[in-house]
Student: 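Before I ask anything, here is the structure I am working with.
Keep in mind it's a predicted model, so treat the numbers as computed, not measured. Throughout, protein chains are lettered first and strands after them, A, B, ... in sequence-line order, and every chain is numbered starting at 1.
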There are 2 protein chains.
Amino acid sequence: MEGALAVDDLTEMLKGTLEGCVLEIIGGEETYGYAITRRLNELGFADVVEGTVYTILLRLERNGLVQVTKRPSGMGPPRKFYALNNAGREEVARFWTKWEYLSSRIDKLKEGGR
Amino acid sequence: MEGALAVDDLTEMLKGTLEGCVLEIIGGEETYGYAITRRLNELGFADVVEGTVYTILLRLERNGLVQVTKRPSGMGPPRKFYALNNAGREEVARFWTKWEYLSSRIDKLKEGGR
DNA sequence: ACCACTACACGGTATCACGGAGTACCGGCG
DNA sequence: CGCCGGTACTCCGTGATACCGTGTAGTGGT
């Protein structure tokens, strides 16, 4: 019954897009790593695991795209909440531009490719 | 005047998709590396260079997805023509399934992401 | 003879998603 | 009280991929 989905491994295809997805989620509301992972799983990115998301979050922080606030949880260890700053908002806009561009080219190739 | 396109660097986003694009092009007609590179450039993948395409072609050959035929050119050195075999046709179908899946998830995230 | 265009191959680099191990805080169970 | 499961974050190593420069080679034009 487990992941009997049509797709077995999106890993390589997610390169470059997963970071954008995380940015978009953070842009929607201030949130933290564990919740982002769950959110991604719900959205259909079923195989994305915590280690991957945390790597991305650390990278976002290192690149100065997010503002980080640590808050106690009551449900376990303290959480690190992430919110976009100006640079982050610009980056997420760039991401969507790139995605739009790429997906239009690919769809065109798929249609009139021959 | 230089590449004043809306997108500066698709490199990371192309990971996992470029190989599928090459497969699709080969599936359309038997062709060779140099021409595939030109075709990709025409299609909007402007920054894809020959070295990249050749590594993909070597990989496809190594993975037994293509049938290779060397033919003299008259326009330079001999060309290696690539055509899909059965495994290659299955692979390109899998690619489009994955692409469909991924792009639908991403578009959903973009719309109702919150 | 030189140069430009065509055409392919190779080696090294950077980036990214993944996976496992480790740490830590909390609540419920027997 | 001790153990386990769920929550939550960190670190490090691995594998896959696209990129880039360089080299090799064949053809034709001047």
Student: Measure the distance from CZ on A:R38 to P on D:dT7 and round it to the nearest whole Å.
Tutor: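 About 7 Å, once rounded to whole Å.
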Student: Do NZ/NE/NH1/NH2 and the carboxylate oxygens of A:E30 and A:R79 come within less than 4.0 Å?
Tutor: no
Student: Under 4.0 Å between a side-chain N or O of B:Y32 and OP1 or OP2 of C:dA7?
Tutor: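 Result: yes.
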Student: Do you know the tightest heavy-atom contact between B:V48 and B:L40?
Tutor: CG1-CD1, 4.1 Å
Student: Are A:R105 and A:E100 within salt-bridge range, i.e. N to O under 4.0 Å?
Tutor: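 Salt bridge flag = no for A:E100 with A:R105.
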Student: Need to verify one output field. Residue with the more 5' nearest nucleotide on DNA chain D, A:L57 or B:G20?
Tutor: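 It is A:L57, whose closest nucleotide lies nearer the 5' terminus.
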Student: Strictly below 4.0 Å, N to O, side chains only: are A:R39 and A:E24 in salt-bridge contact?
Tutor: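 Salt bridge: no.
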Student: I need the OH-P distance between B:Y34 and C:dA9, as an integer number of Å.
Tutor: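 Those two atoms, OH and P, are 15 Å apart.
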Student: May I have the distance from B:R79 (atom CZ) to C:dT6 (atom P), rounded to whole angstrom?
Tutor: 10 Å
Student: Could you state the NZ-C1' distance from A:K80 to D:dC9, rounded to the nearest angstrom?
Tutor: 8 Å
Student: Round to a whole Å and report the spacing from CD of A:E50 to C1' of D:dG5.
Tutor: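 One finds 14 Å between C1' of D:dG5 and CD of A:E50, rounded.
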Student: Nearest whole Å is fine: how far is D:dG29 C1' from B:M75 CE?
Tutor: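 Atom-to-atom, B:M75 to D:dG29, this comes out as 11 Å.
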Student: Among A:Y82, A:Y54, A:F81, whose ring pair (Phe, Tyr, Trp, His ring centres under 6.0 Å) with A:Y32 holds?
Tutor: A:F81
Student: Polar-atom pairs under 3.5 Å, protein N or O versus N or O of nucleotides 11-18 of chain C: list them with distances, or write none.
Tutor:
from, atom 1, to, atom 2, distance (Å)
C:dT15, O2, B:K15, NZ, 2.9
C:dC16, O2, A:K15, NZ, 3.2
C:dA17, OP2, A:R59, NH1, 3.4
C:dA17, OP2, A:R59, NH2, 2.7
C:dC18, OP2, A:T52, OG1, 3.2

Student: For B:M13 and D:dA16, give me the distance from atom CE to atom C1', rounded to whole Å.
Tutor: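 Checked: the CE to C1' distance equals 18 Å.
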Student: Closest-nucleotide mapping onto DNA chain C: is B:G33 or A:P77 further toward the 5' terminus? I mean the 5' end.
Tutor: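 The answer here is B:G33.
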Student: Rounding to a whole Å, what distance do you find between B:Y54:OH and D:dG21:P?
Tutor: 17 Å
Student: Is the closest basic N to carboxylate O distance between A:R59 and A:E19 below 4.0 Å?
Tutor: yes
Student: For the pair A:R94 and A:E91, find out whether any cationic side-chain nitrogen is under 4.0 Å from an anionic carboxylate oxygen.
Tutor: yes
